[in-house]
Amino acid sequence: MTSTTESTRDLLLSRIRDVPDYPKPGVMFKDITPLLADPVAFTALTEALAELCVRHGATKIVGLEARGFILAAPVAVRAGLGFVPVRKAGKLPGATLGQSYELEYGTAEIEVHAEDLSADDRVMVIDDVLATGGTAGASLELIRRAGARVAGVSVLMELGFLPGRERLAPHLQGAPLEALITV
């Protein structure tokens, strides 16, 4: 549980728009663009995530493509930490480490520049949503393969009706998973 106040949670939740039947019929998409457009809400989100990074002793922040970049970069600046992007395979120039993971129908791969992480780093992974946990789990494996330690995973929103927390648990290896909002 985070120290995020109920009023902050209410503010964040009030700026997340439900979009029915997107990207396909039957899906209720949680759109965070109204939150990002509101400077008070976006600042509150940035402050809450930065506080988690400091509390858990992070030295670097990993943002997961793509919305995780939008959240993680200002958090890194606010917390005075380095930002490292984890991208879809083939999007980073130079030498990378890759990690495959299972999707519902197939596999995907993410990559990081290995030289951006070291054994001295404690890395906080930041993303917008925890859904099934596949990308977050793969990012934790990738961080460890790069030689760094995991400080935790922090997300704006956890979709509690999906098995993300359960699927992510073995990858966390005791590191905290913090969701500011659970829907």
Side-chain angles (χ1 to χ4, degrees), residues 1-13 15-16 32-88 91-97 99 110-130 133 135-158 165 168 171-182:
M1 182 57 85
T2 70
S3 65
T4 305
T5 66
E6 188 174 333
S7 63
T8 298
R9 281 189 198 91
D10 290 346
L11 171 63
L12 299 176
L13 195 54
R15 300 304 189 273
I16 298 170
I32 68 166
T33 58
L35 187 156
L36 300 174
D38 179 331
V40 173
F42 195 15
T43 298
L45 172 60
T46 301
E47 291 290 331
L49 291 172
E51 186 271 327
L52 290 173
C53 292
V54 170
R55 182 184 331 146
H56 294 298
T59 61
K60 294 246 175 94
I61 295 174
V62 154
L64 302 180
E65 188 167 342
R67 287 182 300 267
F69 294 174
I70 297 168
L71 304 186
V75 170
V77 170
R78 175 65 184 97
L81 304 174
F83 169 73
V84 178
V86 167
R87 302 217 51 198
K88 295 174 185 168
K91 299 288 186 172
L92 291 171
T96 61
L97 283 176
Q99 181 71 40
I110 55 175
E111 294 179 330
V112 68
H113 281 135
E115 71 271 7
D116 291 343
L117 298 173
S118 75
D120 295 330
D121 287 320
R122 285 183 46 82
V123 181
M124 179 66 76
V125 174
I126 293 181
D127 206 1
D128 64 329
V129 174
L130 176 64
T135 307
S139 73
L140 298 178
E141 299 306 317
L142 196 54
I143 289 163
R144 289 184 180 106
R145 286 184 47 225
R149 293 169 291 146
V150 174
V153 175
S154 297
V155 297
L156 164 60
M157 169 176 28
E158 178 180 355
R165 184 172 288 267
L168 190 56
H171 299 282
L172 287 166
Q173 298 178 8
L177 167 58
E178 307 257 15
L180 300 180
I181 299 169
T182 300

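Below, each value reflects all heavy atoms present in this structure, side chains not excepted, and no hydrogens, waters or symmetry copies.
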Between L12 and R9, is a side chain to side chain contact (heavy atoms under 4.5 Å, CB included) present by the stated rule, with each step listed? CA-CA 5 Å; L12 299 176; R9 281 189 198 91; 5.7 Å; no
Calculate, to the nearest 0.5 Å, the distance between atoms CD1 and CG belonging to I61 and L71 respectively. 11.0 Å
State whether the side chain of H113 and the backbone N or O of P93 hold a donor-acceptor pair below 3.5 Å, judged by distance alone. yes
Inspect the contact between E65 and K91 and indicate whether a charged nitrogen and a carboxylate oxygen are less than 4.0 angstrom apart. no
How far does CE of M124 sit from NE2 of H56, to the nearest 0.5 angstrom? 5.0 Å
Between the main-chain N or O of G57 and the side-chain N or O of R122, is there a donor-acceptor pair closer than 3.5 Å? yes
Note, V75 side chain near R78 side chain (heavy atom, < 4.5 Å): no
Is it true that a side-chain atom of R165 and a backbone atom of L130 form a donor plus acceptor pair closer than 3.5 Å? no
What is the distance from atom NE2 of H171 to atom CG of L140, rounded to the nearest 0.5 Å? 7.5 Å
Check whether any side-chain heavy atom of I126 lies under 4.5 Å from a side-chain heavy atom of F83, and answer yes or no. no
Between R67 (side chain) and D127 (backbone), is there a donor-acceptor pair under 3.5 Å? no
For V40 against D38, the heavy-atom pair lying closest together: N-OD1, 2.9 Å
Test applied, side-chain contact (heavy atoms from CB on, under 4.5 Å); reference residue, L45; option that passes from L156, I32, L11, I181: L156
Please determine whether the number of non-hydrogen atoms from other residues, nucleotides or ligands lying under 6.0 Å from atom CD of Q173 exceeds 12. yes
Between CE on residue M157 and OG1 on residue T182, distance to nearest 0.5 Å: 10.0 Å
CD1 (I16) and CG (L36) are apart, to the nearest 0.5 Å, by 9.5 Å
Where G133 and L168 come nearest, the two heavy atoms and their spacing: O-CD1, 4.0 Å
Audit row: L117, I143, side chain to side chain contact (heavy atoms under 4.5 Å, CB included) steps and yes/no: CA-CA 8 Å; L117 298 173; I143 289 163; 4.2 Å; yes
Over all atoms of both residues, closest heavy-atom pair of G63 and F69: O-CE2, 3.3 Å
Quick one: are T135 and V86 in side-chain contact, heavy atoms under 4.5 Å? no
Over all heavy atoms of both residues, which pair between A50 and A79 is shortest? Give the atoms and the distance, please. CB-CB, 4.1 Å
Euclidean distance, L81 CG relative to C53 SG, rounded to 0.5 Å: 6.0 Å
Using every non-hydrogen atom in the two residues, find where S139 and L64 come nearest and quote the distance to one decimal. CB-CD2, 3.6 Å
If every non-hydrogen atom of D120 is compared with every non-hydrogen atom of R149, which pair is closest and at what distance? O-NH2, 3.6 Å
Please check: side-chain N/O of K60 versus main-chain N/O of D116, any donor-acceptor pairing under 3.5 Å? yes
Please determine whether side chain to side chain contact (heavy atoms under 4.5 Å, CB included) holds for the pair V153 and L172, giving the CA-CA distance in whole Å, both sets of side-chain angles, and the decisive distance to 0.1 Å. CA-CA 8 Å; V153 175; L172 287 166; 3.8 Å; yes
